[in-house]
There are 2 protein chains.
Amino acid sequence: MNISGAARATGLPAKTIRYYEEIGLIRPQRTANGYRHFRDSDIHKLTFLGRARALGFSIEDCRRLLALYEDKARASADVKRLAEEHLAQIADKIAQLRGMQATLRELVDQCAGDHRPDCPILRDLANG
Amino acid sequence: MNISGAARATGLPAKTIRYYEEIGLIRPQRTANGYRHFRDSDIHKLTFLGRARALGFSIEDCRRLLALYEDKARASADVKRLAEEHLAQIADKIAQLRGMQATLRELVDQCAGDHRPDCPILRDLANG
DNA sequence: TATAGGCATTCCAGCCTCTGGAAGGTCAAG
DNA sequence: CTTGACCTTCCAGAGGCTGGAATGCCTATA
């Protein structure tokens with residue numbers, strides 16, 4: 001399977017697949033003409049990566065997850081710890097966004113939103 | 001006031017202040033020796049920028065907000081629209097994070113987290 | 001006056017994760 | 001033999017800083 005097939009099979013853009021090879025997440029073989037050749041195991045890994053990325057894991061976390069995935073003597077505790085740390089980061093981000101959301105929602109609700117210049121949003125940004 | 005004073009006054013790192021000048025958000029004067037000189041209006045703008053960034057507005061949004069802030073003939077509707085669009089983006093991000101959170105939480109809860117290799121998290125990543 | 005230190009300046013590189021585009025090689029169909 | 005769809009590599013840019021190097025200025029003290 002060449003790169004466009006791998007892209008179709010995994011849902012990842014070809015550019016992204018090349019990038020993942022460049023940073024050493026996958027090592028597809030090459031055919032005589034220099035084209036990448038993706039085996040089933042490469043497709044599996046790419047799919048794995050796509051799902052892990054969709055769950056918000058960083059590339060470095062993905063690298064670790066992939067290593068655990070391939071290590072048949074892994075401890076599930078190691079996977080769980082990674083996932084829990086990531087969950088904590090997600091929770092942090094959500095909390096931060098909710099803070100912004102609450103503040104901004106309040107300001108927006110107070111703003112007349114008409115042709116006049118007076119604006120509580122700008123006032124708040126200017127004066128705290 | 002020189003750059004370290006401006007940094008203290010606004011809570012922004014000096015590096016960030018230089019960057020904001022580089023991209024044209026502020027235009028501090030220069031003294032004879034080439035040092036930046038920050039007037040009160042510059043400090044106000046930097047403070048404004050710091051608050052807008054803290055609410056998650058992009059740099060380009062900040063540029064627009066600053067322009068509206070300085071335009072005494074603005075319509076508050078323009079500010080409100082910007083803020084509402086940003087609110088929508090925040091809501092999108094939160095929804096996306098919550099999706100990840102729900103999925104990952106479920107997987108983590110199913111994982112024994114012990115010394116054995118069997119792991120629902122990896123299974124899910126591998127097989128959907 | 002020499003020196004030390006703490007400021008300031010500019011410029012370049014890197015973070016993260018791709019994404020777009022240019023310039024060129026390869027392959028199958030007509 | 002050409003066309004068009006692939007493939008390759010390499011370079012640049014996105015956003016928003018952040019770190020570091022090399023260099024210059026200013027002030028205080030010995």
Side-chain angles (χ1 to χ4, degrees), chain A residues 1-39 42 45-46 48-66 85-86 89-90 92-93 96-97 100, chain B residues 1-39 42 45-46 48-66 85-86 89-90 92-93 96-97 100:
Chain A
M1 178 134 55
N2 58 20
I3 200 164
S4 66
R8 257 190 309 278
T10 63
L12 295 171
K15 280 266 185 192
T16 299
I17 296 174
R18 288 196 192 95
Y19 174 67
Y20 286 174
E21 180 189 19
E22 189 189 329
I23 64 174
L25 288 177
I26 52 166
R27 298 183 186 281
Q29 295 175 326
R30 298 288 176 134
T31 58
N33 59 18
Y35 286 17
R36 289 172 184 80
H37 174 71
F38 296 84
R39 291 160 297 172
D42 295 316
K45 280 198 211 177
L46 286 171
F48 183 101
L49 287 169
R51 295 218 180 90
R53 293 289 297 134
L55 286 179
F57 284 102
S58 72
I59 289 285
E60 286 317 305
D61 277 352
C62 287
R63 197 188 297 280
R64 289 181 202 112
L65 286 170
L66 211 44
E85 284 168 14
H86 181 45
Q89 285 177 13
I90 290 176
D92 281 357
K93 270 196 205 160
Q96 198 189 354
L97 285 169
M100 294 175 181
Chain B
M1 178 131 58
N2 57 19
I3 200 165
S4 65
R8 256 190 309 279
T10 62
L12 296 171
K15 280 268 184 189
T16 300
I17 296 174
R18 289 196 191 95
Y19 174 68
Y20 286 174
E21 181 189 17
E22 190 188 327
I23 63 174
L25 288 177
I26 53 166
R27 298 185 186 281
Q29 296 174 324
R30 298 286 177 135
T31 57
N33 59 20
Y35 286 16
R36 288 169 183 82
H37 174 72
F38 295 85
R39 291 160 298 174
D42 295 313
K45 280 198 211 175
L46 286 172
F48 183 101
L49 288 169
R51 296 219 179 87
R53 292 291 295 134
L55 286 178
F57 284 103
S58 72
I59 289 285
E60 285 317 305
D61 277 353
C62 286
R63 198 189 296 282
R64 290 181 202 114
L65 286 169
L66 211 43
E85 285 168 13
H86 181 44
Q89 286 176 11
I90 289 175
D92 281 356
K93 271 195 206 160
Q96 199 188 353
L97 286 168
M100 295 174 181

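We name chains A, B, ... by the order of the sequence lines, and we start the count at 1 in each one.
- If you measure from atom CD of A/Glu22 to atom P of D/dC10, you get 9 Å, rounded to the nearest angstrom.
- If you take OG1 on A/Thr31 and CG on A/Asn2, they are separated by 8.5 Å, rounding to the nearest 0.5 Å.
- What you find for B/Arg53 and B/Tyr20 is that their closest heavy atoms are CG-OH, 3.6 Å.
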Show the distances under 3.5 angstrom between N or O atoms of the protein and N or O atoms of nucleotides 6-8 of chain D.
| unit_1 | atom_1 | unit_2 | atom_2 | d |
| --- | --- | --- | --- | --- |
| D/dC7 | OP1 | A/Asn2 | OD1 | 3.2 |
| D/dC7 | OP1 | A/Ser4 | N | 2.8 |
| D/dC7 | OP1 | A/Ser4 | OG | 2.9 |
| D/dT8 | OP1 | A/Arg36 | N | 2.8 |
| D/dT8 | OP1 | A/Arg36 | NH1 | 2.7 |
| D/dT8 | OP2 | A/Arg18 | NE | 3.2 |
| D/dT8 | OP2 | A/Arg18 | NH2 | 3.1 |
| D/dT8 | OP2 | A/Arg36 | NH1 | 3.2 |
| D/dT8 | O5' | A/Arg36 | NH1 | 3.3 |

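- The closest side-chain heavy-atom distance from A/Arg18 to A/Glu22 is not below 4.5 Å.
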What does the list of N/O pairs under 3.5 Å between the protein and nucleotides 19-22 of chain D look like, with a distance for each?
| unit_1 | atom_1 | unit_2 | atom_2 | d |
| --- | --- | --- | --- | --- |
| D/dG19 | N7 | B/Lys15 | NZ | 3.0 |
| D/dG19 | O6 | B/Lys15 | NZ | 3.1 |
| D/dG20 | O6 | B/Lys15 | NZ | 2.3 |

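- Residue A/Tyr19 contributes atom OH, which lies 14 Å from atom C1' of D/dG13 at whole-angstrom precision.
- Between B/Ala9 and B/Met1, the closest heavy-atom pair is CB-CE, 4.4 Å.
- For the residue pair B/Pro28 and B/His37, the shortest heavy atom distance occurs at CB-O, 3.6 Å.
- Between A/Ile26 and A/Leu46, the shortest heavy-atom contact is CD1-CD2, 3.8 Å.
- Put simply, NZ on A/Lys93 and CE on B/Met100 are 7.5 Å apart, with the number rounded to the nearest 0.5 Å.
- Between A/Tyr19 and A/Leu25 there is no side-chain heavy-atom pair separated by less than 4.5 Å.
- What you find for A/Arg27 and A/Arg39 is that their closest heavy atoms are O-NH2, 3.9 Å.
- Atom CD in A/Glu21 sits 9.0 Å away from atom CG in A/Asp42 (nearest 0.5 Å).
- The footprint of chain A on DNA chain C, defined by a heavy-atom cutoff below 4.0 Å, extends from C/dT17 to C/dC27.
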